[in-house]
Amino acid sequence: MKNSWFIHIVFFVFTCVQLCAQEVSKDSIQTLNKEAFSLTRAYNFGKALSYSYLAIQHATNNQDEASLASSYHILGSTYRRMQYRGKATKYYLKALKIQKKLHNTREIIVAYHDLVRISLDDYDSEQSREYLKEGYQIANTSGDLEDILVLDWAKISLLQKEERYKELLPFLDEMMLRVKKIKASEIMIQARINFLEYTKGDTYFNLGNYALAEKYLKTHTDNEYNHVQDLASSYKQLAEIYKSKGDIEKQREAQLNYQKNLKKKLDDDYKSIEEELLGNYSLRKDQLKLDVLEEKNNQQSIIVNRFKVVLAIIALLLIGCIFLGALIIKAIYKKTKSNKLLRIKYNKLEEAKLKAEMTSKTKSNFFSMMSHELRTPLYAVTGITHLLLEENPRPSQQQYLKSLKFSSDHLLSLVNNILQANKLEDNTITIGASTFNLKANIDNIIKSFDLLIKDRENELNIAYDREIPELLVGDSLKISQILINLISNAIKFTKGGTIRISVEKLEETAEEVLLHFCVQDTGIGIPKEKQEKVFEMFSQNYDEINEQYQGSGLGLSIVKKLLKAYDSDIHLESKENVGTTFTFDIRFPKTSEGVDPNIEVHIDDIDFSHLKMLVVDDNKINQMLTKKILSTKQITTDIVASGAAAIESVQNNQYDLILMDIHMPEMDGYEATKAIRKFNKQVPIVAFTAVSLDDSLPKIINSGMNDMLIKPFVAAELFALIQKYMK
């Protein structure tokens, strides 16, 4: 009898110990979830994932469903910010399922709000409407206006995504009444009102009511507690409104404010991305304490399980069976410990893999976005400059326009260098193979430097071997980039001197030819101790030279890596105050007999007036500019601003060629092309984009497009491409 009471007392003590351990773990889970949420908002995704996984492990072990649902929701938010929308949806739905079981109304509403937003990110408006409908059904029964308001913010995004602006206006008025009825802090109420006024201004702008749009957007920019991204958008729209009214002064002021806020937003994003890329995801002290606590909980659980097994054996078997039971439990303990170690190692490997994937994706998205954002306005600058030069400007204007053309060409070269440096760093560069005229390429490059050569008072000489075949096979853009960087350096570091460019044939077979390139100048030269460093990224000669001549320090590093892709190397000979010589060899395949080399044609001799083309572009400046360039050759042009409109236009008209923009809202150029190819496989479709060829070529081919033209471009390139596909 005494033994029976003793057994009950011991069991009670161990049960209490186990419950206490669970309570500690519950508090720890809340700490982990709060930390994961904060890290996610700070773009520190690697650490946030680590904390979320640990929180889920604790919640699962303790059967704490409320904490588990919270952990799943935060993990979904982390994946959403990382743009892994499939994983984000998975964990939002897991959290929603548990919250419904626990009848937590507010958490259910928040889950539906986030599911609506993630569906909109995936362009799934139908699914968004379904989630919104289910959420409103629950919110309307709760009797809490705040629940309804949570879903209202998601509905705004849905109406904007579907461009249902006429429905959005009365809905904003309803929301304004709800915001004013809810008891909240003055700062919170004012911030919500500010956002609703900004949204109303944006809605009137999209409906074309510029008078009311100006009123609400102006009120929004004057208010406090505004988000920098919303301010940038407001100033951008105000600039267009003032432009339509002819108020140049206000337009410039609005554009300046737009650029300031956009720069601040980009700086903040860049800082967050940089911190994430350079982040060190080693565990902090509090997480190590949680690991120790988890180990203690497991040990206590093992002790309790061992005691229960021993009691069962004592009740059924003799003392000899106890020894056997102890051996079995010991084996189980060792196996559990081994499995735990394997699980920890597996989790670390998964974390490292996710970090690497996220870093690569973030970096790729950033450079792709920068490529599009920088090249699009450059297209407008170079294109308008070209058109103005074609319209016989006055001599005084001609000098200014030539200076503008030089500056825009120089800026484009710098942008290309920066984007090219990223691809070379990631080893994602590809070498194309098409027929081109090397001599014509070099002549065009020299012409682009005319103004700078005269400004530096230099003399430029060219020696081109006449025995070199007229047509070669290679990547003309990469060859041009190599020569542009070398010639630009020679001109920059030479004043009142001589620059010599030579191309010589070293050997020739039936299939290929080996050429020797040399770029020589009589400039300031490079000290011997500095010559090895000039090919490093962001490096120039030395500090005094950097201050006097400036520059990005990317040119020579790009040249070296591009030549490496050609299985070649660059050689440098230099002496201070005497000059510098760069030499390299490249082996080019020759064109095969019977193959059409697509020899350059004289565009002025071709009649384009019978052609009818469709231009698909959502940028109004690009629309105007492209149409103007095509009109110089009397080409009939239709303009549409979306992929859906392009499909409808091709169904109703016969076109000789389509210029298709890639990045457009609702339906991008890839989707539009795939849809067109279902009913029209003959019309040539040319990708018309500011994204680089290396990024887009596989998608372009798979979507059914015939060719690609990168913005900004020279008008002659566009007409040469059109001539290529003329019937």
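Sequence positions, counted from 1, serve as the residue numbers for this chain.
At least one side-chain heavy atom of E130 sits less than 4.5 Å from a side-chain heavy atom of E134. The shortest distance between side-chain heavy atoms of I241 and L217 falls below 4.5 Å. D618 is listed as a side-chain neighbour of P665, based on a closest heavy-atom distance under 4.5 Å. Two residues are said to be in side-chain contact when any heavy atoms from C-beta on lie closer than 4.5 Å; Y670 and M660 fail this criterion. The shortest side-chain heavy-atom distance between K94 and K90 falls under the 4.5 Å cut-off. No side-chain heavy atom of L169 sits under 4.5 Å from any side-chain heavy atom of D173. Residues K200 and M176 fail the side-chain proximity criterion, which asks for heavy atoms closer than 4.5 Å. Residues Q160 and T199 meet the side-chain proximity criterion, which asks for heavy atoms closer than 4.5 Å.
Distance CD/E167 to OG1/T203: 12.0 Å, rounded to 0.5 Å. In this structure, CG in L96 is found 6.5 Å from CG in L115, a value given to the nearest 0.5 Å. From N622, atom CG reaches atom CG of D617 across 4.5 Å, with rounding to the nearest 0.5 Å. R129 CZ to D124 CG: the interatomic distance, rounded to the nearest 0.5 Å, is 9.0 Å. For the atom pair D114 CG and Y92 OH, the distance stands at 4.0 Å (nearest 0.5 Å). Separation of atoms OG1 (T60) and CG (L68) is listed at 4.5 Å; rounding is to 0.5 Å.
Contact record, L120 with S125: CD2-OG, 4.5 Å, taken as the closest heavy-atom pair. Across T141 and I138, no two heavy atoms sit closer than the pair OG1-O, 2.7 Å. Shown here for G135 and I109, the closest heavy-atom pair between the two residues is O-CD1, 3.5 Å. Residues S52 and A36 come closest through the heavy atom pair OG-CB, 3.5 Å. G669 approaches M664 most closely through the heavy-atom pair N-CE, 3.8 Å. The two atoms that bring E671 and D668 nearest to each other are N-OD1, 2.9 Å, heavy atoms only.
No side-chain donor-acceptor contact under 3.5 Å links E163 and N206. Side chains of Y198 and S233: a donor on one and an acceptor on the other come within 3.5 Å. A side-chain donor from one of T40 and T78 sits under 3.5 Å from a side-chain acceptor of the other. In the model, Y79 has no side-chain atom that pairs as donor or acceptor with a side-chain atom of T89 under 3.5 Å. Checked by atom type, the side-chain pair Q57/N61 shows no donor-acceptor distance below 3.5 Å. Donor-acceptor pairing under 3.5 Å is recorded for the side chains of S142 and D147.
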Check against side chain to side chain contact (heavy atoms under 4.5 Å, CB included), Y72 and K97: CA-CA 11 Å; Y72 280 146; K97 183 178 180 181; over 6 Å; no

Derivation and outcome, side chain to side chain contact (heavy atoms under 4.5 Å, CB included), residues Y123 and E666: CA-CA 7 Å; Y123 300 96; E666 296 185 13; 5.9 Å; no

Audit row: N33, S71, side-chain hydrogen bond (donor to acceptor under 3.5 Å, both in side chains) steps and yes/no: CA-CA 6 Å; N33 281 333; S71 300; 2.9 Å; yes

Side chain to side chain contact (heavy atoms under 4.5 Å, CB included) between K260 and Y235, worked out: CA-CA 10 Å; K260 286 180 179 178; Y235 280 121; over 6 Å; no

D152/Y136 under side-chain hydrogen bond (donor to acceptor under 3.5 Å, both in side chains): CA gap, chis, key distance, verdict: CA-CA 9 Å; D152 286 346; Y136 272 127; 2.6 Å; yes

Audit row: K155, E162, salt bridge (Lys or Arg N to Asp or Glu O under 4.0 Å) steps and yes/no: CA-CA 11 Å; K155 186 174 181 179; E162 296 181 340; over 6 Å; no

Intermediate values then yes/no, side chain to side chain contact (heavy atoms under 4.5 Å, CB included), E174 and F171: CA-CA 5 Å; E174 293 176 17; F171 180 71; 4.1 Å; yes

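A cation-pi arrangement is not found for K34 relative to F37, the charged atom failing to lie both closer than 6.0 Å to the ring centre and inside a 45° cone about the ring normal.
Qualifying side-chain hydrogen bond (donor to acceptor under 3.5 Å, both in side chains) partners for K100, counting only residues two or more places apart in sequence or in other chains: Y112. For Y204, the ring-ring contact (aromatic ring centres under 6.0 Å, His included) criterion is met by Y216, not counting sequence neighbours.
Ionic pairing of R85 and D122 is present here: one or more N-O contacts between side-chain nitrogen and carboxylate oxygen are shorter than 4.0 angstrom.
Between the N62 side chain and the D64 main chain, no donor and acceptor come within less than 3.5 Å of each other.
Enclosure of atom NZ in K215 is not indicated, since only 12 or fewer non-hydrogen atoms of other residues, nucleotides or ligands lie within 6.0 angstrom. Around CD of E253, the count of heavy atoms belonging to other residues, nucleotides or ligands within 6.0 Å does not exceed 12.
Not less than 6.0 angstrom separates the ring centroid of H73 from the ring centroid of Y91.
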